[in-house]
Enquirer: 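Before anything else, here's the structure in question.
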Amino acid sequence: MGNWERNVRRVTPYTPGEQPTRKDVIKLNTNECPYPPSPKVAEALAAFDAGELRLYPDPEAGMLVHALASHYGVRPEQVFVGVGSDDVLAMAFLTFFNSGRPILFPDVTYSFYEVWAALFGIPYRCPALDETFRMRREDYLVPNGGIVFPNPNAPTGLAAKLADIEAIAAGNPDSVVIVDEAYVDFGAVSALPLTERYENLLVVQTFSKSRALAGMRIGFAIGSEKLIRFLNDAKFSFNSYTMSRLACVCGKACVEDEPYFRETVGKITATRERVKKELLALGFSFPDSSANFIFARHRRVPAARLFEALRGEGIYVRYFPKPRIDDHLRITVGTDREMDCLLAFFRDYLDRERE
Ligand code: PMP
């Protein structure tokens, strides 16, 4: 037997939420959009010539980059695209976090950050959110090798103040600061305008949530031309053809349909606000979510028990058995009908529990 296993890069992978094969499940566990993508996407798919797939796609994904640049009012040189924002974030970790000093991200946050840090051998430190799950800006105004956090945060749904984000970008001129805005469209204020002023600020967004294209895998980053050039240099040293022809065509059609986007986001946020009130009445509490999910705990019944009971009924939510958050459920905001099923289940279950 050889010793090759000694030289394996060992990592503990990120655990994504379950994608059940059963169709009759109410799926509130991975923060997808409960509505289909813009009908313009279906039109673009119908018009797509499959014969084109024999050719490699544009390595620059120019069609998509230009559509995004024009939508967000920036130059194409300020836009980087990837296979979901996970790809964009991974590339950003690889490109920008090389000082050898610990990077900073909150103790309660998107759990992929620590996986990329481990994969790339980046040291990291996780300042604790305060007892209301808020970031303390002073925790990020200390020496560091880079900073990354979601806004709104996941899984709490809490939005940071733009003034705090600006203070963090301004106070760290020697580090790249990444704001992961996967959920920003559901009610937080984007840091995009700040990228004009702070060369070290990278804003990352995704088509997976508010644009209902999780299955197509499209993410993007906007920042200074310099940041984007470095990201592209790393990407072109890794995999030139990240964005498929279909992804480019669908992404462009999607981003150009602003009325549909607004309508979808409007429906989801209206449902969220209604569900918040109903959950409160049922004895749940939660940080005030600006995202498409609610991070709720019940005053009496442990989250793990509710999670299993829901699962038994074919209602999937996310439960994280981790310190500080193992008494919470992360519930994606689905359609009104899906949320009514969830609420009806809670009403019934909590009634029975009391007996
Ligand atoms: N950032 C955060 C905070 C997320 O919750 C997710 C979704 N799991 C992502 C990034 C990645 O999403 P995607 O790769 O689908 O763009």
Side-chain angles (χ1 to χ4, degrees), residues 11-38 41-42 45 81-90 109-116 119 150 152-157 180-183 185-186 204-220 239 242-244 246-247 250-251 254 264-265 267-268 271-272 275 289 291-296 303-304 306-322 325-326 328-342 345:
V11 283
T12 309
Y14 170 74
T15 317
E18 193 176 342
Q19 292 293 343
T21 44
R22 272 172 61 189
K23 286 275 181 243
D24 55 345
V25 158
I26 296 184
K27 197 171 174 309
L28 308 175
N29 67 335
T30 48
N31 298 342
E32 287 138 329
C33 180
Y35 302 107
S38 156
V41 171
L45 280 172
V81 290
V83 186
S85 54
D86 281 342
D87 181 44
V88 175
L89 288 162
T109 197
Y110 185 32
S111 49
F112 223 141
Y113 299 157
E114 62 183 346
V115 176
W116 289 314
L119 175 67
N153 196 7
T156 65
D180 174 358
E181 295 190 348
Y183 303 101
D185 296 325
F186 300 106
V204 177
Q205 293 192 10
T206 179
F207 280 55
S208 299
K209 316 293 178 184
S210 55
R211 297 188 186 276
L213 279 181
M216 191 50 78
R217 311 304 299 128
I218 305 173
F220 62 96
N239 177 3
T242 51
M243 309 309 289
S244 73
L246 272 180
C250 292
C254 182
T264 306
V265 167
K267 282 196 288 195
I268 294 168
T271 305
R272 179 189 69 205
V275 172
S289 170
N292 67 336
F293 53 84
I294 299 170
F295 195 52
L306 286 173
F307 172 75
E308 288 303 335
L310 282 164
R311 223 186 126 75
E313 287 295 301
I315 302 175
Y316 285 33
V317 299
R318 195 85 196 260
Y319 172 65
F320 301 96
K322 287 186 172 178
I325 57 171
D326 59 0
H328 286 75
L329 295 175
R330 192 197 66 190
I331 305 167
T332 303
V333 176
T335 61
D336 276 315
R337 247 191 64 217
E338 289 173 324
M339 301 318 275
D340 285 342
C341 289
L342 172 92
F345 171 81

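All values derive from a computational prediction rather than experimental measurement. What you see below is based on every heavy atom in this structure, not just the backbone, and it leaves out hydrogens, waters and symmetry mates.
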Enquirer: Check for a donor-acceptor pair, side chain of Arg272 on one end and backbone N or O of Ile294 on the other, with a separation under 3.5 Å.
Expert: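 The answer is no, because no donor-acceptor pair under 3.5 Å joins these two groups.
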Enquirer: With the side chain counted from C-beta on, respond yes when Val333 and Pro34 share a heavy-atom pair under 4.5 Å apart, and no when they do not.
Expert: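 A side-chain contact under 4.5 Å is absent here.
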Enquirer: Is the side chain of Asn31 donor-acceptor paired with the backbone N or O of Phe293 at a distance under 3.5 Å, no angle test?
Expert: no
Enquirer: Within the 4.5 Å heavy-atom criterion, are Thr109 and Asp180 side-chain neighbours or not?
Expert: no
Enquirer: Under the ring-ring contact (aromatic ring centres under 6.0 Å, His included) rule, collect the residues that match up with Tyr319, sequence neighbours excluded.
Expert: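 With sequence neighbours excluded, Tyr319 shows a ring-ring contact (aromatic ring centres under 6.0 Å, His included) to Phe307, given in chain and number order.
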Enquirer: Search all heavy atoms of Thr264 against all heavy atoms of Tyr35 and return the closest pair with its distance.
Expert: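 Smallest interatomic distance, heavy atoms only, reads CG2-CD1, 3.9 Å.
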Enquirer: How far does CG of Leu310 sit from CD1 of Ile331, to the nearest 0.5 angstrom?
Expert: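 That separation rounds to 7.5 Å.
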Enquirer: Apply ring-ring contact (aromatic ring centres under 6.0 Å, His included) to Phe220 and list each qualifying residue two or more places apart in sequence or on a separate chain.
Expert: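 ring-ring contact (aromatic ring centres under 6.0 Å, His included) check on Phe220 returns Tyr72, Phe207.
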Enquirer: Do you know which two heavy atoms are closest between Arg318 and Thr15, and how far apart they sit?
Expert: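 Here Arg318 and Thr15 meet closest at NH2-O, 2.8 Å.
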Enquirer: Atom CG in Asn153, atom OG in Ser289: separation rounded to 0.5 Å?
Expert: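 With rounding to 0.5 Å, CG (Asn153) is 11.0 Å from OG (Ser289).
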Enquirer: Hey, mind stepping through His328 and Thr156 against side chain to side chain contact (heavy atoms under 4.5 Å, CB included) and telling me if it holds?
Expert: CA-CA 9 Å; His328 286 75; Thr156 65; over 6 Å; no
Enquirer: For Asn29, is there any backbone N or O sitting under 3.5 Å from a side-chain donor or acceptor partner on Arg330?
Expert: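 Yes.
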Enquirer: Look only at the side chain of Thr332 and the backbone of Gly334, and say whether a donor-acceptor pair between them is shorter than 3.5 Å.
Expert: no
Enquirer: Going by atom types only, do Tyr14 and Asp86 share a side-chain donor-acceptor pair under 3.5 Å?
Expert: no
Enquirer: Would you say Glu32 and Gln19 make side-chain contact, with heavy atoms under 4.5 Å?
Expert: yes
Enquirer: Determine whether the aromatic ring centres of residues Tyr110 and Tyr183 are separated by less than 6.0 angstrom.
Expert: no
Enquirer: Is it true that Asn292 and Ser210 share a donor-acceptor pair across their side chains at a distance under 3.5 Å?
Expert: no
Enquirer: Could you give the distance from OG (Ser85) to CD1 (Ile218), rounded to the nearest 0.5 Å?
Expert: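 The distance works out to 11.5 Å.
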Enquirer: Calculate, to the nearest 0.5 Å, the distance between atoms CG and CG belonging to Leu45 and Leu246 respectively.
Expert: 6.0 Å
Enquirer: Return yes if a side-chain donor-acceptor contact under 3.5 Å exists between Lys209 and Thr206, otherwise no.
Expert: no
Enquirer: Quick one: closest heavy-atom pair of Pro20 and Lys27, and the distance?
Expert: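 It is CD-CE, 3.6 Å.
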Enquirer: Rounded to the nearest 0.5 Å, how far does CG of Asp185 lie from CZ of Arg211?
Expert: 6.0 Å
Enquirer: Provide the closest heavy-atom pair for Ile325 versus Pro155 in the form atom of the first, atom of the second, distance.
Expert: CD1-CG, 4.4 Å
Enquirer: Less than 4.5 Å apart, any side-chain heavy atom of Thr271 and any of Thr335?
Expert: no
Enquirer: Work out which heavy atom in Val83 is nearest to a heavy atom in Met243; give both atom names and the distance.
Expert: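 The pair with the smallest heavy-atom distance is N-SD, 3.8 Å.
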Enquirer: When you compare the side chain of Pro150 with that of Tyr113, does any pair of heavy atoms fall below 4.5 Å?
Expert: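 A side-chain contact under 4.5 Å exists here.
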Enquirer: Identify the heavy atoms of Ile268 and Cys33 that sit nearest to each other, and give their distance.
Expert: CD1-SG, 3.9 Å
Enquirer: Could you tell me which residues satisfy side chain to side chain contact (heavy atoms under 4.5 Å, CB included) with Glu313, sequence neighbours excluded, listed by chain and number?
Expert: Ile315, Phe345
Enquirer: Using a 4.5 Å cut-off on heavy atoms from C-beta on, say whether the side chain of Lys322 contacts that of Ser111.
Expert: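 Yes, close enough: below the 4.5 Å cut-off.
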